[in-house]
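Let me begin by presenting the structure, written as structure tokens, before commenting on it.
Computed from heavy atoms alone, side chains included, the values below leave out hydrogens, waters and symmetry copies.
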Amino acid sequence: MKRRHIVQALGALALAGNAVFAGSAMAQAYPSKPIRLIVPFAPGGVSDTSARVVADKLGQRLGQQVVVENKPGASGNIGTAMVAQAAPDGYTLVLGFDGTMVINPHVYAKVPFDPVKDFVPIGKIGDAALILIAHPSVPAKNLQELVAYSKSREGGLSYGSAGTGSTPHLAGELLKARTGLNMVHVPYKGGGQAMGDLVGGTLPLLYTAVAGAQQYVKGGKATAIAVSGASRVPALPDVPTIAESGVPGLVSESWVGLLAPANTPKEIVDKLSGELNAVVNLPDTRERLATLGIVPVGNSSEAFGKQIQADLKKYSEVVKTAKIRVE
């Protein structure tokens with residue numbers, strides 16, 4: 001009896017050893033062909049550009065090309081769903097954007113993927129700070145003055161964003177809830193169109209990404225009220241955060257990161273996560289991301305996953321309060 005137990009134990013150890021060896025061999029062999037990185041947006045935007053910055057460096061480190069493919073549509077839902085349905089072998093990845101992964105599931109009546117069940121996080125690339133700007137005709141230079149001015153005007157002030165359910169839209173609604181700022185949302189089909197109206201004087205306020213606003217602030221065509229990141233941004237060091245402006249704890253940022261289909265082997269996820277972190281911490285990568293208004297982060301799969309779940313909860317409450325819905 002004892003001999004049989006010993007044989008069984010040795011067999012179990014052998015199987016476990018084989019599994020570890022197989023996993024190690026899989027990680028060492030991966031990748032053996034080019035990797036597709038799906039960007040669920042059109043070329044040219046900040047998300048697309050950040051993906052290309054990382055893809056080039058990641059491909060160099062992995063020894064295989066990382067090919068960026070743009071699959072836009074439905075605010076990122078179409079391209080993201082493609083990856084959710086792809087084979088979990090590490091050869092199809094998606095650029096995760098907070099709007100797609102943690103806002104769309106609450107805003108859209110139907111989303112063709114589950115951001116938690118259908119994906120495994122690889123790691124975050126960075127945070128893109130948002131900024132509230134005003135046309136120079138608005139007689140407010142900071143958040144407190146803006147709140148007071150908005151309350152003095154019947155009907156309040158209009159503020160634009162890149163669209164209904166976008167991160168800037170929800171950031172604006174969150175700011176309204178916390179400050180009593182009297183402003184009404186005006187959705188646009190893109191940040192560029194909204195910026196044109198603000199600079200032209202037909203839109204008093206705009207919530208947008210720092211990357212697209214900094215040239216207008218520096219050129220005196222827009223007044224920077226506050227950035228909504230956790231800290232000031234290097235591109236506009238004199239602009240205070242919303243927390244510094246009297247609303248402690250309020251942080252609204254966009255983020256970008258990489259995810260793979262659920263059930264992708266842990267060995268592959270760990271390898272991709274380690275290489276992504278190495279890429280994000282390269283000086284030239286950090287400099288290039290900074291020009292896009294992105295603060296490089298780089299973190300583990302586990303840390304990125306925890307943020308996704310926390311943000312899903314945060315934005316669920318904002319969407320319900322603001323009654324935002326896209327059918």
Atom [atom1] of [X] and atom [atom2] of [Y]: how far apart are they, to the nearest 0.5 Å?
{"X": "I324", "Y": "I103", "atom1": "CD1", "atom2": "CD1", "value": "8.5 Å"}
{"X": "E173", "Y": "K323", "atom1": "CD", "atom2": "NZ", "value": "12.0 Å"}
{"X": "T179", "Y": "L250", "atom1": "OG1", "atom2": "CG", "value": "8.5 Å"}
{"X": "N142", "Y": "E244", "atom1": "CG", "atom2": "CD", "value": "12.5 Å"}

Indicate yes or no for a side-chain donor-acceptor contact from [X] to the backbone of [Y] under 3.5 Å, with no hydrogens or angles considered.
{"X": "R36", "Y": "T92", "result": "no"}
{"X": "S316", "Y": "L312", "result": "no"}
{"X": "S254", "Y": "A128", "result": "no"}
{"X": "Y91", "Y": "S32", "result": "yes"}
{"X": "R325", "Y": "H106", "result": "yes"}
{"X": "D56", "Y": "R52", "result": "no"}
{"X": "T80", "Y": "N77", "result": "no"}

ILVMFWY network linking [X] to [Y], side-chain heavy atoms under 4.5 angstrom:
{"X": "V295", "Y": "L289", "value": "no"}
{"X": "I122", "Y": "M82", "value": "no"}
{"X": "L93", "Y": "V297", "value": "no"}
{"X": "L37", "Y": "M101", "value": "no"}
{"X": "I38", "Y": "F41", "value": "no"}

Review point. Is the closest side-chain donor-acceptor distance between Y108 and S75 under 3.5 Å?
Key: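 The answer is yes; a qualifying pair exists.
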Review point. Can you list every ring-ring contact (aromatic ring centres under 6.0 Å, His included) pair that touches residues 248-284, not counting sequence neighbours?
Key: W255-F304
Review point. Applying the side chain to side chain contact (heavy atoms under 4.5 Å, CB included) test to V102, which of T167, I308, L170 qualifies?
Key: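 Exactly one option meets the side chain to side chain contact (heavy atoms under 4.5 Å, CB included) with V102, and it is I308.
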Check your understanding: Quick check: are there more than 12 heavy atoms from other residues, nucleotides or ligands sitting under 6.0 Å from NZ of K221?
Key ->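 No.
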Review point. Hey, mind stepping through T49 and R288 against side-chain contact (heavy atoms from CB on, under 4.5 Å) and telling me if it holds?
Key: CA-CA 10 Å; T49 307; R288 184 73 182 93; 3.7 Å; yes
Exercise for review: Go through the steps for S228 and L175 under the test side-chain contact (heavy atoms from CB on, under 4.5 Å), then give the verdict.
Suggested key: CA-CA 9 Å; S228 56; L175 184 62; over 6 Å; no
I'd like to check [X] versus [Y] (side-chain heavy atoms, cut-off strictly below 4.5 Å). Are they in contact?
{"X": "S50", "Y": "V53", "value": "no"}
{"X": "Y149", "Y": "P139", "value": "yes"}
{"X": "P296", "Y": "R286", "value": "yes"}
{"X": "L272", "Y": "T264", "value": "no"}
{"X": "R153", "Y": "N182", "value": "no"}
{"X": "P240", "Y": "R232", "value": "yes"}

Check your understanding: Are V54 and V256 close enough, and set up right, to give a side-chain contact (heavy atoms from CB on, under 4.5 Å), and what steps lead you there?
Key -> CA-CA 11 Å; V54 169; V256 285; over 6 Å; no
**Study point:** All side-chain hydrogen bond (donor to acceptor under 3.5 Å, both in side chains) counterparts of Q214, not counting sequence neighbours
**Key:** none
Exercise for review: Please name all residues satisfying side-chain hydrogen bond (donor to acceptor under 3.5 Å, both in side chains) with S166, sequence neighbours left out, ordered by chain then number.
Suggested key: S161
Closest non-hydrogen atom pair between [X] and [Y], with its separation:
{"X": "L181", "Y": "K176", "value": "O-CG, 3.5 Å"}
{"X": "G220", "Y": "P136", "value": "O-CG, 3.7 Å"}
{"X": "V251", "Y": "G229", "value": "CG1-C, 4.0 Å"}
{"X": "V94", "Y": "P40", "value": "CG2-CD, 4.3 Å"}
{"X": "A84", "Y": "F113", "value": "CB-CB, 4.0 Å"}
{"X": "D114", "Y": "D118", "value": "N-OD2, 2.7 Å"}

Practice item. Using side chain to side chain contact (heavy atoms under 4.5 Å, CB included) as the criterion, list what pairs up with A303, not counting sequence neighbours. Key: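 N299, S300.
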Exercise for review: Measure up the H169 and Y159 rings against each other and bin them: parallel (under 30°), tilted (30 to 60°), perpendicular (over 60°).
Suggested key: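 It falls in the tilted class, 30° to 60°.
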Check your understanding: Given the rule in the side-chain contact (heavy atoms from CB on, under 4.5 Å) test, do L58 and L258 qualify, once you have shown the distances and angles that lead to the verdict?
Key -> CA-CA 12 Å; L58 190 59; L258 298 187; 4.1 Å; yes
Check your understanding: Can you list the other members of the hydrophobic cluster that holds I78, where links are side-chain heavy atoms under 4.5 angstrom apart?
Key -> none
Exercise for review: Could you work out the complete set of other residues in the hydrophobic cluster of L198, with links drawn between I, L, V, M, F, W and Y side chains under 4.5 Å apart?
Suggested key: I131, I133, V186, Y188, M195, V199, L203, L206, V210, Y216, V217, V227, V233, L236, V239
